[in-house]
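Letters go in sequence order (proteins before strands), and every chain restarts at 1.
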There are 2 protein chains.
Amino acid sequence: MTNEATKSARKSAPKPADRRAGARAPASSKPKPASNRAERAAERRGAIIAAAMDEFIARGFAATRLDDIAKRAGVAKGTIYLHFKDKESMFEELIRTAIVPLVTRLWATPPQPGASVRDMVEGFAKTFIEEVATTRRGDLVRLIVAEGPRFPEVADFYYREVVSRGLAGMRALIELGIARGEIQHKNLAQFPQIMVAPALIAVIWQSLFSRHAPLDALEMFRVHLDLIFGERRTA
Amino acid sequence: MTNEATKSARKSAPKPADRRAGARAPASSKPKPASNRAERAAERRGAIIAAAMDEFIARGFAATRLDDIAKRAGVAKGTIYLHFKDKESMFEELIRTAIVPLVTRLWATPPQPGASVRDMVEGFAKTFIEEVATTRRGDLVRLIVAEGPRFPEVADFYYREVVSRGLAGMRALIELGIARGEIQHKNLAQFPQIMVAPALIAVIWQSLFSRHAPLDALEMFRVHLDLIFGERRTA
DNA sequence: ATTAAATGACTGACTAGTCAGTCATTGTCA
DNA sequence: TGACAATGACTGACTAGTCAGTCATTTAAT
């Protein structure tokens, strides 16, 4: 076997010294030393999730190496397997745990009773563009689009938790707008996707083409809203 | 335990060799019409491209195996390397050669002089939805969205050849519509993306969610056009 | 016969997942 | 309180593959 040669060559300086106490004391960048065992474990789990997130977004599922995730998380590879069954279920769980706060954040818009439907939708879009489209969360959406077909469970989850609910909410808003006379196009309630379409365009544009041509996503969305609600007073 | 997606895919063993070649040879019941050297080579190259297309779409770049492409193309693995430098440049060239006819096909709309701008856009959308969104070409678009960030050259090419030209053409059409009085919203010319947005939504929906909820993309697009051009006479 | 095209067994670099061992923390008893 | 045992989180070398790319050999067109 060539293992012997490879083995020794692979890692020449393991530097076993600063494992536990060593790693804890000098790492004052962490606000929490956390000498409690369970706390530290949870902290590590969080570090793994964050690292995995970055790696998966940057490389996609198949091209991501667990060694890299471990390195980025500051953890040994074996530790990953204390928290996740395997690479695939780590990916799925990752998406799930990332989606929930994203959706929560998005639906946490203060439902001002006096506001017009247009203002509500615009506020929503503003939040989405600022908090999702122009941040790493947007890459998460792109990641789901990219890997969805190969991870039906992820696509299902995303449909149930985000798409289905989001469209239902948007439909309700559209119907409110129609009832109030703000929206003339009654057929729009059949396709809430139309309301959301420019937001998704913004996400994709951001990842792929913003280098070539920056896109003012919010202004684009406002023009889109003009189509639906009619021209603004203040242009 | 290995990756489930990879594994299940691995099972589907393509049968005898001339799967693709047979499909390519147009007007003959003969499996092997070409005895000319250059012709056969070109045929093989085409088979490799078609097979690679299918595999890359189904699995993404990193998870696709050259062995599978070779098997599907009815060719030995070494043959691939007679036509392409390596996996990566094969992918890039593949996208390039697939995009060109796709764009050509799309811009080959007969520019009827008497038609309204709305009819032109609608005809365009109809072609797009029938020929791209609901076919394998749509998956190609999704593939570019998925792999674009990891293949800047592909993203660049796509921007130059498709996005940039497409938006310019669409902008011209919008300006024509404004000049003719068909379109009231002058700001729309700033964001031709809005015009196209539902078409992209349709492509993504098709790949990810059509199992859960089918989407009548053409009707959606018509409703979208109602927003831009005003309500249709015949609802 | 000559030579380009095609083949597929082979190589070696790479990686998901394992597991025997380590050691900081926690629990227990005197 | 101090000593010692039990725990289990953590480690990383290791195994068992996988797969891109090569090349000596075979096939077949000219």
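- Rounded to whole Å, atom P of C/dC19 lies 13 Å from atom CG of A/Leu82.
- Residue B/His83 places no side-chain N or O under 4.0 Å from the OP1 or OP2 atom of C/dA5.
- Counting non-hydrogen atoms of neighbouring residues, nucleotides and ligands closer than 6.0 angstrom, the CD atom of B/Glu219 exceeds 12 such neighbours.
- Here D/dC10 is the nucleotide among C/dA16, C/dA9, D/dC10 with the atom lying nearest to any side-chain atom of A/Ala41.
- One atom, CZ of B/Phe84, and another, P of D/dA20, lie 15 Å apart when rounded to the nearest Å.
- One interatomic measurement links the two molecules: CZ of A/Arg40 to P of C/dT26, which rounds to 10 Å at whole-angstrom precision.
- Partners of B/Lys77 according to the salt bridge (charged side-chain N to carboxylate O under 4.0 Å, His left out) rule, which considers only residues two or more places apart in sequence or in another chain, are B/Asp67.
- For CZ of A/Arg136, the number of neighbouring non-hydrogen atoms (other residues, nucleotides, ligands) closer than 6.0 Å is greater than 12.
- B/Lys87 contributes no side-chain N or O that forms a donor-acceptor pair with the base of D/dG21 under 3.5 Å.
- Residues A/Tyr159 and B/Arg211 are not in side-chain contact: their nearest non-hydrogen atoms beyond the backbone lie 4.5 Å or more apart.
- The side chain of A/Thr79 places no N or O atom within less than 4.0 Å of a non-bridging phosphate oxygen (OP1 or OP2) of D/dA9.
- Between B/Arg165 and B/Glu161 a salt bridge is recorded (basic side-chain N to carboxylate O distance below 4.0 Å).
- Taking every heavy atom of residues 50-58 of chain A and every atom of DNA chain C, no pair lies under 4.0 Å.
- The interatomic distance linking B/Ile69 (CD1) with D/dC19 (C1') rounds to 12 Å, in whole Å.
- Close to C/dT7, at under 4.0 Å from its OP1 or OP2, lies a side-chain N or O of B/Arg44.
- Rounded to an integer number of Å, the gap from B/Asp67 CG to D/dT18 C1' is 10 Å.
- Within 6.0 Å of the CZ atom in A/Arg96, the count of heavy atoms belonging to other residues, nucleotides or ligands exceeds 12.
- Distance, A/Ile80 CD1 to D/dA9 P: 16 Å, rounded to whole Å.
- Every ring-ring contact (aromatic ring centres under 6.0 Å, His included) that B/Phe151 has, sequence neighbours left out, goes to B/Phe61, B/Phe91.
- For A/Tyr81 and C/dA16, the OH to P distance is 7 Å, given to the nearest whole Å.
- In this structure, the nucleotide among D/dA20, C/dA16, D/dT11 sitting nearest to the side chain of B/Lys77 is D/dA20.
- Spacing between atom NZ of A/Lys71 and atom P of C/dT15 amounts to 11 Å, rounded to whole angstrom units.
- Within the structure, every side-chain polar atom (N or O) of A/Arg65 is placed at least 4.0 Å from both OP1 and OP2 of C/dA16.
- Side-chain proximity of A/Leu66 to D/dA9, C/dA16, C/dT7: nearest is C/dA16.
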